[in-house]
Undergrad: 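Take this structure first; my questions come after.
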Amino acid sequence: MDRRKLPLSALRAFEAAAQTLHLGKAGEQLGVTHGAISHQIRALEDQLGVVLFSRANNRMALTAAGISLYDSVRDGFDLIADGARHLSRDKMSGTLHIACTQTMATCWATKHICEFSEHYPNINIRVSVIDAMQTQIPKDIDIALCYGKPQEDERQLSMLISPPLYPVCSPALLNKIGHSVSVHRLVKQTLIHEGHGQWPRWLEQYKARRAPVKNIYFSNTSQAIAAASQGYGIALANSFETLEFIKNGQLVQCLNKPLEEPHNYYVLRQHDAYLPLKVRLFEEWIMRALHS
């Protein structure tokens, strides 16, 4: 489709309807009637030659074509909004002070922090390390990504993610063990511990009948994940911490037996009314990275 002929009003109506799956709520978002939303969507479907929504039993659902278009429209509007924000250089400069745990920085956050810095070159980034389960977060930190719930104060605290733990190892080790891994076969391998006592919980939950043959103990999760990615044994880590390693082919989930994390991840930052633009942009950047 020629970009000069993009039906922007219809695309806005479609995005609102795709978000809410309700014509009335979509109309409320845009300040128009549900009939106007319906008209825009029908016109867009006619122009594109596809059906964007299925309508069965008075319920709306996105079709495969609708899901594909929604992803593109949402990302496109996000880029436009980001571009508009760039126009205010005073708000897009200075230093952004980020805090996260060492494991989070090593396994996931560093990549996204650096990509954010490249995208917003006028913002200087300062990263501090906080401990897992740290309750007191210094007030000079703009935004903290915490493992474990910190103490609440005048700032806004929101849960970020609560991923399960899985046994992971290198692809080479999995080939050596064999792909039909069981609890019985797993405990014959070297288990890599991360210092938080997760393996005993996992072994108890899945009723391992024997003690592990060999154990290696590290003081933190990033060390355990690094050892597992190099083929020295099987680590127990959550899907958030291992995401980049799995994407890069350094780790694989070797057994589909999850263990619930004892603690969640949280975001701590100022309330919306006082939130600097650079902090909001970084939080949105992190959220997009989590759900991409």
Side-chain angles (χ1 to χ4, degrees), residues 100-112 129-135 145-150 159-267 286 289-292:
C100 61
T101 65
Q102 179 182 339
T103 296
M104 193 182 301
T106 303
C107 298
W108 187 83
T110 296
K111 172 179 182 288
H112 300 292
V129 173
I130 54 176
D131 295 329
M133 302 302 299
Q134 182 169 327
T135 56
L145 309 177
C146 310
Y147 174 72
K149 190 174 183 179
M159 197 179 84
L160 179 66
I161 193 170
S162 181
L165 297 150
Y166 287 98
V168 293
C169 66
S170 70
L173 181 58
L174 183 60
N175 288 333
K176 181 180 177 181
I177 299 171
H179 287 265
S180 298
V181 181
S182 63
V183 175
H184 177 71
R185 296 184 70 183
L186 183 142
V187 295
K188 293 181 179 180
Q189 308 302 315
T190 299
L191 299 190
I192 301 174
H193 299 253
E194 80 303 315
H196 299 294
Q198 308 292 22
W199 267 124
R201 292 177 57 230
W202 189 93
L203 293 169
E204 181 180 359
Q205 178 169 314
Y206 290 104
K207 298 178 173 57
R209 296 180 181 177
R210 55 178 294 176
V213 171
K214 185 177 180 181
N215 300 279
I216 301 176
Y217 295 89
F218 287 99
S219 61
N220 62 59
T221 305
S222 59
Q223 294 170 336
I225 290 174
S229 70
Q230 295 171 46
Y232 294 113
I234 301 174
L236 190 62
N238 68 52
S239 52
F240 174 50
E241 295 165 339
T242 58
L243 179 63
E244 296 300 326
F245 290 87
I246 289 173
K247 280 185 178 180
N248 295 333
Q250 297 171 276
L251 285 175
V252 291
Q253 181 183 307
C254 58
L255 191 58
N256 188 25
K257 290 188 178 296
L259 178 70
E260 184 178 342
E261 267 279 14
H263 306 286
N264 301 320
Y265 290 87
Y266 293 86
V267 175
I286 289 297
L290 277 174
H291 298 100
S292 63

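Position 1 is the first residue of the sequence; numbering continues from there. What you see is a predicted model, and the numbers here were worked out from it, not measured in a lab.
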Undergrad: Counting only N and O atoms by type, is there a donor-acceptor contact under 3.5 Å from the side chain of T101 to the main-chain atoms of M104?
TA: yes

Undergrad: Nearest 0.5 Å, please: how far is CD1 in I192 from CG in L236?
TA: 11.0 Å

Undergrad: For the pair R210 (side chain) and V187 (backbone), establish whether a donor and an acceptor sit closer than 3.5 Å, ignoring hydrogens and angles.
TA: no

Undergrad: Donor-acceptor check, side chain of Q223 to backbone of S219, threshold 3.5 angstrom: yes or no?
TA: yes

Undergrad: Mind listing the closest non-hydrogen atom pair of P212 and L191 along with its distance?
TA: CG-CD1, 3.5 Å

Undergrad: Ignoring hydrogens and angles, tell me if any N or O in the side chain of R201 forms a donor-acceptor pair with the backbone of E260 under 3.5 Å.
TA: yes

Undergrad: F240 vs Y265 aromatic rings, parallel, tilted or perpendicular, using cut-offs 30° and 60°?
TA: perpendicular

Undergrad: Does D131 use its side chain to pair, donor to acceptor, with the backbone of Q134 at less than 3.5 Å?
TA: no

Undergrad: Under the side chain to side chain contact (heavy atoms under 4.5 Å, CB included) test against L174, which residue among L255, V168, V181, L251 passes?
TA: V181

Undergrad: Hey, what do you get for OG1 (T103) to CD (E194), rounding to the nearest 0.5 Å?
TA: 9.0 Å

Undergrad: Tell me, yes or no, whether the heavy-atom count around Q205 atom CD, taken from other residues, nucleotides or ligands under 6.0 Å, exceeds 12.
TA: yes

Undergrad: What's the shortest heavy-atom distance between W199 and H193, and which atoms?
TA: CB-CE1, 3.5 Å

Undergrad: Can you give me the closest heavy-atom contact between E241 and F245, atom names plus distance?
TA: O-CD1, 3.9 Å

Undergrad: Quick check: do L186 and W202 have side-chain heavy atoms less than 4.5 Å from each other?
TA: yes

Undergrad: Considering all heavy atoms of both residues, which atom of I286 and which atom of H112 are nearest to each other, and what is their separation?
TA: CD1-CB, 4.2 Å

Undergrad: Ignoring hydrogens and angles, tell me if any N or O in the side chain of S170 forms a donor-acceptor pair with the backbone of Q230 under 3.5 Å.
TA: no

Undergrad: Taking the side chain as every heavy atom from C-beta outward, state whether L243 and W108 have any atom pair closer than 4.5 Å.
TA: yes

Undergrad: Which heavy atom of Q198 sits nearest a heavy atom of L259, and at what distance?
TA: O-CD2, 3.7 Å

Undergrad: Determine whether a donor-acceptor pair (N or O, by modelled atom type, separation under 3.5 Å) exists between the side chain of S229 and the backbone of A226.
TA: yes

Undergrad: Could you go step by step and tell me if L145 and V267 meet the side chain to side chain contact (heavy atoms under 4.5 Å, CB included) rule?
TA: CA-CA 5 Å; L145 309 177; V267 175; 3.9 Å; yes

Undergrad: Hey, is NZ on K111 packed in by over 12 heavy atoms from elsewhere, all under 6.0 Å?
TA: yes

Undergrad: Check whether the side chains of Y147 and N238 place a donor and an acceptor atom closer than 3.5 Å, and report yes or no.
TA: no

Undergrad: At what distance, to the nearest 0.5 angstrom, does CG of L160 lie from SG of C100?
TA: 11.0 Å

Undergrad: Once you round to the nearest 0.5 Å, how far does CD of Q253 lie from OG of S239?
TA: 8.0 Å

Undergrad: To the closest 0.5 Å, what do you measure between CD1 (I177) and SG (C254)?
TA: 6.0 Å

Undergrad: Could you tell me which non-hydrogen atom of A224 sits nearest to which non-hydrogen atom of F218, and how far apart they are?
TA: CA-CD1, 4.0 Å

Undergrad: Could you measure the distance from the OG atom of S182 to the NZ atom of K257? Nearest 0.5 Å is fine.
TA: 9.0 Å

Undergrad: For Y206, does the OH atom have more than 12 heavy-atom neighbours from other residues, nucleotides or ligands under 6.0 Å away?
TA: yes

Undergrad: Is it true that a side-chain atom of N220 and a backbone atom of S222 form a donor plus acceptor pair closer than 3.5 Å?
TA: yes

